[in-house]
Amino acid sequence: MLSLKINGEERKVDDADPSTPLLWVLRDELGLVGAKFGCGIARCGACTVLLDGAPVRSCSVPVAAAAEGEVTTIEGLADESDELTPVQQAWVDLDVAQCGYCQAGQIMAATALLARDPDPDDAAIDQAMAGNLCRCGTYTRIREAVKVAAGRAWEARKASPARDGGDPA
Amino acid sequence: MNAYDDLQSLAERMDALPIDIAPRKLSRRRFMQLTGVVGGGLMLGFTLKGREAQAASTFEPNAFIRIDADGILIHAKNPEVGQGVKTSLPMIVAEELDAAWDDVTVAQSPVDEEAFGFQMAGGSMSVPMNWDVLRQSGAAARAMLVGAAAAKLGVAASELSTRDSKVIHEASGRSLHYTELADAAAALPVPEVDSLRLKGTDEYRLLGRRITGVDNEALVRGEALFGIDQTLPGMKFATYSKCPAVGGNVVSANLDAVKALPGVVDAFAIDGNEAVGLLPGVAIVADSTWAAIRARRELKVEWDESNAASDSWSAVSAKAEELRSKPGATRPVDDGDADAALEVADKRLSAYYTYHFASHAQLEPQNCTAWSHDGIMELWAPTQLPGRGRQAVADLLSLEKAQVTVNQLRGGGGFGRRLHNDFMVEVAAIANRLDVPVKLQWTREDDMSHDTFRAGGFHQVDAGLDAEGRITAWRDRFITFSRDGQRPVSGGSLRPGVFPAGVLENCRYEQTALEWKTPCGPWRAPGSNVFGFVEQSFIHELAVAAGRDHLEVLLEMFGEPRWLAEGNPRALHTGRAAGVVKLAAEKAGWGREMPEGRALGLAFYFSHAGHIAEVADVSVDAGRKITVHRVTAAADVGPIINLSGAENQVQGSIVDGLSTMLGQSVTFEKGRVEQSNFDAYPMLRMANTPAIDVHFIESDYPPTGLGEPALPPLAPAVCNAIFTATGHRIRTMPIANEGYSIA
């Protein structure tokens, strides 16, 4: 039995095969279906989750490797008060999705980007999002939503500087 | 008839729909069929079969609307695969109902074509097929709510107005919310359809606004929505392996060895059934998806390929090369005398255009969940055509249709692929042998090797110009494919009346079909997505040969404003065509000075009753690396339902068109697809995405759908720009085959 730390909780996993991709453990065993199966070879990004804050393709990460870190899935983004994060809210407000299948992966990649670069330019956004395909072609809206979310995050920090431990300026 | 022919006949019927559904008033009988309204009475509980009798406090005037003390529910009847109909169709009801959008809960409807009419995501038909009945449904309910309020307030109905889910009596300042009127409205007679007054476009409060998709919040929270997300207690997981060459039969397989693998519950061979689109194969049922996929690596199947496809792209290419100099087998269009006009033309142009097969590559691989219980087969299916899938499952298992229940789930992309329900019959065949629910999961490799592909094709085009540079003759020898040697494959047949037929005196389309066994099917804007490339590139070639401005030549071809098929408002209208071409040109700054190596390219295409023009701003470097800076689109699809969704469809079609024309091709040898995953089938990424401007001409014609028509003009607009920038004419797709890539 493996133990995983997912969205801040310890979760036990029965599947004994340590080479099982994290994606299928999340989806089939833990009921976390937000991360999607698209290609199985880390080429589309639909399965993107965060491992210690960095975006990884969960279809190609063995569950044993994930057990060494902290996993965040899209289900773990909105806080306990159930409020959407600025990234999630921007995705709703800009009506980014068409079919929506890739968007959980896109949101996770964008979340990781903004955590390390709160005000990315177009090139930084393009680079950070390069591993996430959108078959419906919503890229212009995704890019816009990342910028909107960055602006919101900035506003939120300005409004409550204590949360980040200081004045953002 | 087999399942692929069925798909083709559906496509043909969709082509014929412009006439069948030419907007007209629904007959009263049909309205009653669709809305559950009968003269003088209200059939409570009629609309949702199988539900308990409705509480008296529920107002349910038709299948689409349910109002009770808790709120307003509107059913979205058609499958949602990214085209936005789960939001836009209920918006149409809400507009005529005068419901505040924030008060409305949208639910995906059951699959029940007796209650809801034809349920399909295809042909950009959701809006045009449902426009009248949805408006009438909303208006009928509104009229009944007004009647109920009149009785409660003791005033005449004529003194009442509606807004934001309320009936308002302005004179006394009183108002009643719809939820307070549900009981009283439920007791009222249903108004005659003819008595309903529908809003004019200038009265719309909701339609035309930007409305975020009804599933968006659930989507960003990662909640279960898609077919692949379906889970049921005790559910098992399956894979299904088919012969890589379509039509191969199972001779033997190492089933015992597979059954002994960890996590495997069962493994068995399944016979094919061509009539319902079930291919023979081997199922592995396991405790988890991964256990099934892992076990499959050890599966060894011996296939009998004596009746399997042996299709070869190189062989058909060589055959087409031979045939292009000979007259075609049939003439779907034969106006005037194209041969004679070519002979006497002042200038004659000749070109050979080709394009490869393409995969749908919808991001969610095919999957479906099924459970045989209580004498029924219940399915949870991400399908574009649930009613057909239900019938196919009933036929496969020799069940009555009533014994098959289909729950329609969101599809992670469709693009036409989910019109073919092979995943439904496969999972039904598997579930039929189990007493627990089972989810069938295709891998990406399954998906790419067993698609209903967009057919490749070959066009020898010849045209003539007179001394003034006007087009006097047009002849397109189209070489396509056929499974039976007669009927062209779905998505690979010419429609009568295809432009420029109707505007040229001498116009002929010839068609010859090569034998081909691998299934082909509708792929976003079937036919149009490739014919547009040929037609609109060649018109540009003619403009260049005549030394004339491309815009001027296009407008000259359209001529006086008129319908090209008299009496059919879903036909091409030359005035609407000219309108979008002029608007796109104006917004893109057509005719302006461009830097070296950079140019604008223009194209127009009419499909699915949508008139669309696009201008691409493209630069090309010495290594044939292109940058698409901006695409400006102008569309006339009638009134816009959801402005955000409409813009999204145009933006997405442009990205899809660019992605496909650049590098996507599926090739075959020995009946096998040579590409298996996204590493060999490149998709456009964010960094390569152009800026996209979308402009709508909101004409007062009946609205058409927008899932498809914005795609066909993109490839010719880009290729025309590349020619103007470099002098190199591209006559093949994908253009990567000529050394092009994107920066």
Side-chain angles (χ1 to χ4, degrees), chain A residues 15-17 19-21 23-25 27-29 31-41 43-44 46 73-75 77-78 84-85 87-89 91-104 107 123 125-127 129-143, chain B residues 80-84 210-213 215-217 219-226 228-229 231 237 262-263 288-291 293-294 361-365 410-415 441 443-445 644-645 648-649 651-656 658-659 677-679 683-687 689 691-692:
Chain A
D15 194 312
D17 182 354
S19 69
T20 303
L23 173 69
W24 295 114
V25 173
R27 293 186 57 85
D28 289 352
E29 289 205 34
L32 297 168
V33 296
K36 298 294 191 263
F37 171 55
C39 67
I41 59 167
R43 286 284 182 148
C44 76
T73 71
I74 189 146
E75 291 91 342
L77 289 192
L84 298 178
T85 65
V87 175
Q88 289 171 311
Q89 191 63 51
W91 249 252
V92 174
D93 291 349
L94 272 66
D95 190 25
V96 169
Q98 286 184 33
C99 86
Y101 195 74
C102 72
Q103 300 296 354
I107 287 169
I125 295 172
D126 286 354
Q127 194 184 5
M129 305 302 290
N132 292 76
L133 298 178
C134 175
R135 171 67 180 85
C136 300
T138 64
Y139 295 123
T140 50
R141 289 187 186 210
I142 293 172
R143 194 190 281 145
Chain B
E80 175 62 69
V81 290
Q83 79 285 41
R210 285 191 175 82
I211 299 296
T212 197
D215 279 342
N216 278 345
E217 182 149 345
L219 269 173
V220 304
R221 288 180 185 275
E223 291 172 13
L225 279 172
F226 297 90
I228 199 172
D229 300 337
T231 54
F237 303 81
S288 69
T289 312
W290 182 247
I293 292 175
R294 186 179 52 195
Q362 77 298 327
L363 205 53
E364 180 190 19
R410 194 178 183 93
F415 313 105
Q441 181 63 57
T443 61
R444 175 58 52 191
E445 289 79 5
S644 174
N648 217 347
Q649 290 304 310
Q651 292 163 343
S653 295
I654 284 166
V655 172
D656 192 359
L658 186 55
S659 200
N677 206 319
F678 293 141
D679 50 349
M683 211 175 281
L684 203 74
R685 291 174 191 271
M686 185 183 287
T689 301
I692 299 169

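Note on naming: letters A, B, ... go to the chains in the order of the sequence lines (proteins, then strands), and numbering restarts at 1 for each one. Any value given below was found using the heavy atoms of this structure, including those in side chains, with hydrogens, waters and symmetry copies removed. Computed from a predicted model, the values in this text were never measured in an experiment.
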Value rounded to 0.5 Å, distance of CD in Q83(B) from SG in C136(A): 9.5 Å
Please round to the nearest 0.5 Å and tell me the distance separating atom CZ of F37(A) and atom CZ of F226(B).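 Between atom CZ of F37(A) and atom CZ of F226(B) there are 15.0 Å.
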Heavy atoms only: give me the nearest [X]-[Y] pair and the separation to one decimal.
X: A97(A); Y: N216(B); result: CB-OD1, 3.8 Å
X: R141(A); Y: N648(B); result: NH2-N, 3.2 Å
X: Y139(A); Y: T689(B); result: CD1-OG1, 3.1 Å
X: F678(B); Y: C39(A); result: CD1-CB, 3.6 Å
X: L219(B); Y: G100(A); result: CD2-O, 3.6 Å
X: Q88(A); Y: R221(B); result: NE2-CA, 4.0 Å

Any side-chain to backbone donor/acceptor pair from [X] onto [Y]? Under 3.5 Å, distance only.
X: R143(A); Y: M686(B); value: yes
X: R444(B); Y: I41(A); value: no
X: R43(A); Y: D679(B); value: no

Heavy-atom cut-off 4.5 Å, strictly under: side chain, backbone, both or neither for [X] against chain A?
X: Q441(B); value: side chain
X: R410(B); value: side chain
X: I211(B); value: backbone

Electrostatic pair D229(B):K36(A) at N-O distance under 4.0 angstrom: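 A salt bridge links D229(B) with K36(A).
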Do you see a donor-acceptor pair shorter than 3.5 Å between the side chains of D28(A) and S288(B)? no
Would you please test T20(A) and R294(B) for side-chain contact (heavy atoms from CB on, under 4.5 Å) and show each step? CA-CA 9 Å; T20(A) 303; R294(B) 186 179 52 195; 4.3 Å; yes
Run the side-chain contact (heavy atoms from CB on, under 4.5 Å) test on Q98(A) and Q649(B) for me, step by step, so that the C-alpha distance in whole Å, both residues' side-chain angles and the decisive distance to 0.1 Å come before the verdict. CA-CA 8 Å; Q98(A) 286 184 33; Q649(B) 290 304 310; 3.5 Å; yes
